Amino acid sequence: MRKTILVVHGMRKGKLNETLLNFIHQTFNSDEIDYEVAFLESEEILLDEVIQQTVDAGYSRIHLVPLLLFTASHYYEDIEALYETFQENNPNVQFILSKPLGTHPIMTNWVASQLEAYKDDIDDETGIVVLAHGNARFDEPDVALRRICRELSTDQNPCYPSMVYGELRFKETLPKIAKKHRKLLIIPFFFYDGFLVNKSKRQIESLGLPNPITYTTAINFHPLLKDIVHFRIAECEAIPDVSNSTEP
């Protein structure tokens with residue numbers, strides 16, 4: 001038997017977890033996917049508990065699909081660490097960890113669709129900024145976001161990567177970008193317009209940049225996420241069965 005566990009960041013307080021659960025169930029309940037949802041941050045359905053319940057239920061393959069944009073601390077220190085621990089303690093169960101969602105090429109298409117949707121706000125004097133969370137200890141998010149911006153940049157409208165944390169943090173990068181362009185279009189590369197996006201906007205406002213700034217919407221559970229999740233699950237399914245189980 002095979003089970004897919006969709007791993008969501010979540011929040012310890014507020015109604016966001018309920019919103020995330022509703023979105024996931026509405027998206028995947030009509031599909032023939034045997035799945036559970038687990039949160040990294042929540043007061044219930046935590047990832048380690050869901051994995052253990054799945055093992056106890058007798059599943060021979062467990063696919064962990066992180067609904068995260070990039071590989072960073074949550075991926076390596078939370079999900080991958082549990083993956084390795086459970087695999088070591090359960091040698092008769094095959095655990096497979098997929099890549100995150102944001103590194104899939106379709107996400108570049110989403111950024112491109114935002115540029116098209118806000119084309120009336122873009123002219124020869126517009127600097128385009130893709131803003132993501134980032135991480136001070138892992139450079140994978142920087143590498144991935146740089147690639148996206150490189151693919152979408154033109155001579156007329158350069159596309160700049162910027163982060164809340166890490167080497168590309170916006171408190172340092174945005175003032176430099178602002179000197180090159182009369183106005184800015186900022187694309188929040190976040191799952192939803194929530195706390196982090198609003199906090200970032202307030203912090204950017206506190207920089208006192210002279211440029212007019214237009215913000216696009218965040219990803220906000222865009223339907224393309226379903227396609228990427230299906231792709232990640234398919235990648236897991238394609239890995240040969242090396243467990244002792246002969247279940248399909």
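Quick caveat, the model's predicted, so the values are computed rather than measured.
- Residues Leu196 and Phe70 do not share a hydrophobic cluster, defined by chaining ILVMFWY side chains whose heavy atoms lie under 4.5 Å apart.
- A 4.5 Å side-chain heavy-atom check between Arg137 and Tyr76 finds every atom pair outside the cut-off.
- Atom-to-atom distance recorded for Leu145:CG and Met107:CE is 10.5 Å, nearest 0.5 angstrom.
- Between the side chain of Ser60 and the backbone N or O of Met1, at least one donor-acceptor pair lies under 3.5 Å.
- Residues Leu67 and Leu101 are in side-chain contact: their nearest non-hydrogen atoms beyond the backbone lie under 4.5 Å apart.
- Residues Gln94 and Ile239 have side chains in contact (heavy-atom distance under 4.5 Å, counting atoms from C-beta outward).
- Here Ile122 contributes atom CD1 and Leu184 contributes atom CG; the two are 11.5 Å apart, rounded to the nearest 0.5 Å.
- Contact between Gly166 and Arg169 at its shortest, heavy atoms only, is O-NH1, 2.7 Å.
- Residue Glu49 holds its CD atom at 11.5 Å from OG1 of Thr54, rounded to the nearest 0.5 Å.
- In this structure a side-chain-to-backbone donor-acceptor pair under 3.5 Å is missing from Asp142 to Gly134.
- When the side chains of ILVMFWY residues are joined at heavy-atom separations under 4.5 Å, either directly or via intervening members, Val111 and Ile213 end up in two distinct hydrophobic clusters.
- Ile96 and Leu64 fall into different hydrophobic clusters, where Ile, Leu, Val, Met, Phe, Trp and Tyr side chains are chained together by heavy-atom contacts under 4.5 Å.
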Given side-chain contact (heavy atoms from CB on, under 4.5 Å), test Leu131 with Tyr215 step by step and report yes or no.
-> CA-CA 10 Å; Leu131 177 67; Tyr215 292 92; 5.5 Å; no

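- Atoms CG and CD, on Asn92 and Gln87 in that order, are 9.5 Å from each other to the nearest 0.5 Å.
- Using a 4.5 Å cut-off on side-chain heavy atoms (C-beta onward), Thr71 and Phe138 make no contact.
- Only one option out of Phe28, Tyr192, Phe191, Phe221 pairs with Phe23 in a ring pair (Phe, Tyr, Trp, His ring centres under 6.0 Å); it is Phe221.
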Just do the salt bridge (Lys or Arg N to Asp or Glu O under 4.0 Å) check on Glu151 and Arg147 with the steps written out, would you?
-> CA-CA 6 Å; Glu151 291 180 10; Arg147 177 187 58 78; 3.2 Å; yes

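- Between Glu205 and Lys201 no salt bridge is recorded (no basic side-chain N to carboxylate O distance below 4.0 Å).
- Closest heavy-atom contact between Pro158 and Ser153: C-OG, 3.8 Å.
- Between Tyr83 and Phe95, the two ring planes are perpendicular [angle over 60°; tilted spans 30° to 60°].
- Contact of the Val50 side chain with the Phe39 side chain is not registered, since no non-hydrogen atoms from C-beta on lie closer than 4.5 Å.
- Nearest heavy atom pair, residue Lys119 against residue Glu116, reads NZ-OE2, 3.0 Å.
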Would Leu224 and Asn109 count as a side-chain contact (heavy atoms from CB on, under 4.5 Å) if you check the C-alpha gap in whole Å, the side-chain angles of each, and the deciding distance to 0.1 Å?
-> CA-CA 9 Å; Leu224 64 80; Asn109 297 342; 5.8 Å; no

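- Residues Leu21 and Leu47 share a hydrophobic cluster, clusters being chains of Ile/Leu/Val/Met/Phe/Trp/Tyr side chains in contact below 4.5 Å.
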Under the side-chain contact (heavy atoms from CB on, under 4.5 Å) criterion, do Leu185 and Leu115 qualify, and how do the steps go?
-> CA-CA 9 Å; Leu185 177 76; Leu115 295 178; 4.1 Å; yes

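- Relative ring orientation between Tyr165 and His133 is described as tilted, the plane-to-plane angle lying within the 30° to 60° band.
- With rounding to the nearest 0.5 Å, the separation of CG in Leu152 from SG in Cys159 is 5.5 Å.
- Gln52 and Asp56 are linked by a side-chain donor-acceptor pair at a separation below 3.5 angstrom, with hydrogens and angles left out of the test.
- The pair Glu18-Lys15 fails the salt-bridge criterion, with no side-chain N (NZ, NE, NH1 or NH2) lying under 4.0 Å from an Asp/Glu carboxylate O.
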Side chains of residues 226-238: which donor-acceptor partners sit under 3.5 Å, not counting sequence neighbours?
| from | atom 1 | to | atom 2 | distance (Å) |
| --- | --- | --- | --- | --- |
| Lys226 | NZ | Thr27 | O | 3.3 |
| His230 | NE2 | Asp31 | OD2 | 2.9 |
| Arg232 | NE | Pro100 | O | 2.9 |
| Arg232 | NH1 | Glu235 | OE1 | 3.1 |
| Arg232 | NH2 | Pro100 | O | 2.9 |
| Arg232 | NH2 | Thr103 | OG1 | 3.1 |
| Glu237 | OE1 | Arg2 | NH1 | 2.4 |

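- Side-chain N/O atoms of Tyr59 and Asp34 include a donor and acceptor closer than 3.5 Å.
- In the hydrophobic cluster analysis, where Ile, Leu, Val, Met, Phe, Trp and Tyr join through side-chain heavy atoms closer than 4.5 angstrom, Tyr118 is grouped apart from Val129.
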Take Ile24 and Tyr35 through the side-chain contact (heavy atoms from CB on, under 4.5 Å) test and state the conclusion after the steps.
-> CA-CA 10 Å; Ile24 292 171; Tyr35 76 92; 3.9 Å; yes

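- To the nearest 0.5 angstrom, Trp110 atom CH2 is 9.5 Å from Ile148 atom CD1.
- Counting only heavy atoms from C-beta outward, the side chains of Phe170 and Leu207 approach each other to under 4.5 Å.
- Checking side-chain atoms of Asp193 against main-chain N and O of Thr217 turns up no donor-acceptor pair under 3.5 Å.
- Side-chain contact annotation: Thr126 with Asp123, donor-acceptor N/O pair under 3.5 Å present.
- The shortest heavy-atom contact between Pro161 and Arg146 is CG-CG, 3.8 Å.
- More than 12 non-hydrogen atoms from other residues, nucleotides or ligands lie less than 6.0 angstrom from NZ of Lys183.
- Distance alone, capped at 3.5 Å, is enough to place a donor-acceptor pair between the Asn211 side chain and the His181 backbone.
- The shortest distance between side-chain heavy atoms of Glu41 and His74 falls below 4.5 Å.
- Between Met163 and Thr173 there is no side-chain heavy-atom pair separated by less than 4.5 Å.
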